[in-house]
There are 2 protein chains.
Amino acid sequence: MATDRRLQFFEESLQLIHHQGYKGTTMRDIATKLKCDVANLYNFVKSKEEILDISLFRINEEFHDGIDAIIESKHTPVGKLRLITQLYVRLTHEKPYEISLLVNGWRHLSHQKKKKFLAERTAYEKKVQRVIQEGMDAGEMKALDPVLATNMVLSAMRWLFDSFADQKSDWNPVEVERQINEFVVSGLGV
Amino acid sequence: MATDRRLQFFEESLQLIHHQGYKGTTMRDIATKLKCDVANLYNFVKSKEEILDISLFRINEEFHDGIDAIIESKHTPVGKLRLITQLYVRLTHEKPYEISLLVNGWRHLSHQKKKKFLAERTAYEKKVQRVIQEGMDAGEMKALDPVLATNMVLSAMRWLFDSFADQKSDWNPVEVERQINEFVVSGLGV
DNA sequence: TATTTACATCAACAAATGTTGATCTAAAGT
DNA sequence: ACTTTAGATCAACATTTGTTGATGTAAATA
């Protein structure tokens, strides 16, 4: 099932979708990049939407599994928050085009799938929010609105996928993670 | 030129583009919302792309004019940074659908216009970066990578347009601005 | 050797989409 | 009274787009 050609198909598709958007990417665009006929693509997926579906929910699960492992671990709130940013930076560095779907692509899911995605996203934002809330309760972090604080922390990293996807930029992900963490921790710190 | 109906046309168009994306919004969608025929829309713009063009470069100029005024003012770097976040929050609260174009919509500009937009955006990011750099040089801010710091600061506010566009959320923009500022300033602070 | 599997091509279609030209109406400006 | 202007309608177009069905081929598998 996971043949070379099939992997290449998904890879090129996601790159095109990142740069041109989902609606702006046609099956013919993808076929051209793969140097094959359009009809051929339907050997890999049964519809265009499936490219989005499959890729998006796979990376979503990977991210959420990572979050869960951190939540269940025995770290202080600040420690957990550090691991969360670390996870996000690492995942974005490894798979910028997939993360691009989580940031933008989800809007083009079908109604049902979009509902499902947003419900899951909200649930996981709440988990991060709870970590921050615990940090505030423990006096490790300053008392801001927890919803607002969560949004700021997560949003502060959302430029990375664009940067990592860009050939010209060559951030060192470990250094990026260190500095983001410093920013976030002292941004919330007392 | 700026008649009621024309204003309504742009307003509804931008709302649709925010929710469905530029490519995902058809001229027929807009016509339906305005309860008129598709052909009628061409009394307001000479092409679909013009909706994007006009709206995007107008808000872009408004934002950049604001930045320039702050840069030229006599404040400390930290003071300037505070004014910049204030400007961004205010603008996003007043015109979330326009800001949505600056965050996402620009990707669908024609090649030429996109080049122009990106050049301007880069120039203005550099101006913000210089403020941060001055803050670091003056010892007001901790020494992080200035490019990275700039990206984090600006990106930390990029979730707002989505939230302000949403009917259900009712943030107080003044309070939001205060908390964002606290986060950003202590995030960069020594 | 027979057959399944992964991948490829060609032709074609139905629907969606941006756009145009000709025409109309009612109000506003001169 | 005459003319311009903003807004609206209808029919029609050329393209673009996702998708299908019939068919072919070369390698792996049984």
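Please read these numbers as outputs of a predicted model, since none were measured by experiment. Here is how names work: the chains are called A, B, and so on, in the same order as the sequence lines, proteins then strands, and each is numbered from 1.
Other residues, nucleotides and ligands contribute only 12 or fewer heavy atoms inside 6.0 Å of the CD atom of A:E11. Around CZ of B:R58, the count of heavy atoms belonging to other residues, nucleotides or ligands within 6.0 Å does not exceed 12.
In this structure the side chain of B:S47 reaches within 4.5 angstrom of the side chain of B:E50, judged on heavy atoms.
Straight-line distance from the CZ atom of A:F10 to the P atom of C:dA6: 14 Å, rounded to whole Å. Atoms CD (B:Q8) and C1' (D:dG7) sit 12 Å apart, rounded to a whole Å. As a whole-Å value, the separation of B:E49 CD from C:dT17 P is 18 Å. For the pair A:Y22 OH and D:dT17 P, the computed distance is 13 Å after rounding to whole Å. Protein atom NE2 of B:H108 is 16 Å distant from nucleotide atom C1' of C:dG18, rounded to whole Å. Here D:dG18 presents its P atom at 15 Å from CD of A:E50, a figure rounded to the nearest Å. Computed from coordinates, the A:K35 NZ to C:dC7 C1' distance equals 17 Å when rounded to whole Å. At whole-Å resolution of the value, CD1 in A:I30 and P in D:dT16 are 17 Å apart.
Salt-bridge check for B:R130 with B:E134: failed, with every basic side-chain N at 4.0 Å or more from each acidic carboxylate O.
Distances from the side chain of B:R28 to the nucleotides C:dC7, D:dA12, D:dG18 place D:dA12 closest. Distance from the side chain of B:M27 is smallest to C:dG18 among C:dG18, D:dA6, C:dC7.
Against DNA chain C, the stretch residues 38-48 of chain A makes heavy-atom approaches under 4.0 Å through A:A39, A:N40, A:N43, A:F44.
Checked against the 6.0 Å centroid threshold, A:F183 and B:F183 count as a close aromatic pair.
A donor atom on one side chain and an acceptor atom on the other are found under 3.5 Å apart for B:N60 and B:E120. Counted by atom type alone, A:D137 and A:Q133 present one or more donor-acceptor pairs between their side chains at under 3.5 Å.
Between B:T26 and the phosphate of C:dA16, there is no side-chain N or O to OP1/OP2 separation shorter than 4.0 Å.
With DNA chain C read from its 5' end, the first of the two nearest nucleotides for A:L34 and B:K23 is the one closest to A:L34.
Contact record, B:T92 with B:I99: CA-CG1, 3.8 Å, taken as the closest heavy-atom pair. Closest non-hydrogen pair, A:V89 versus A:M157, comes out as CG2-SD, 4.3 Å.
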Is there any protein nitrogen or oxygen under 3.5 Å from a nitrogen or oxygen in nucleotides 26-30 of chain C, and what are the pairs?
none

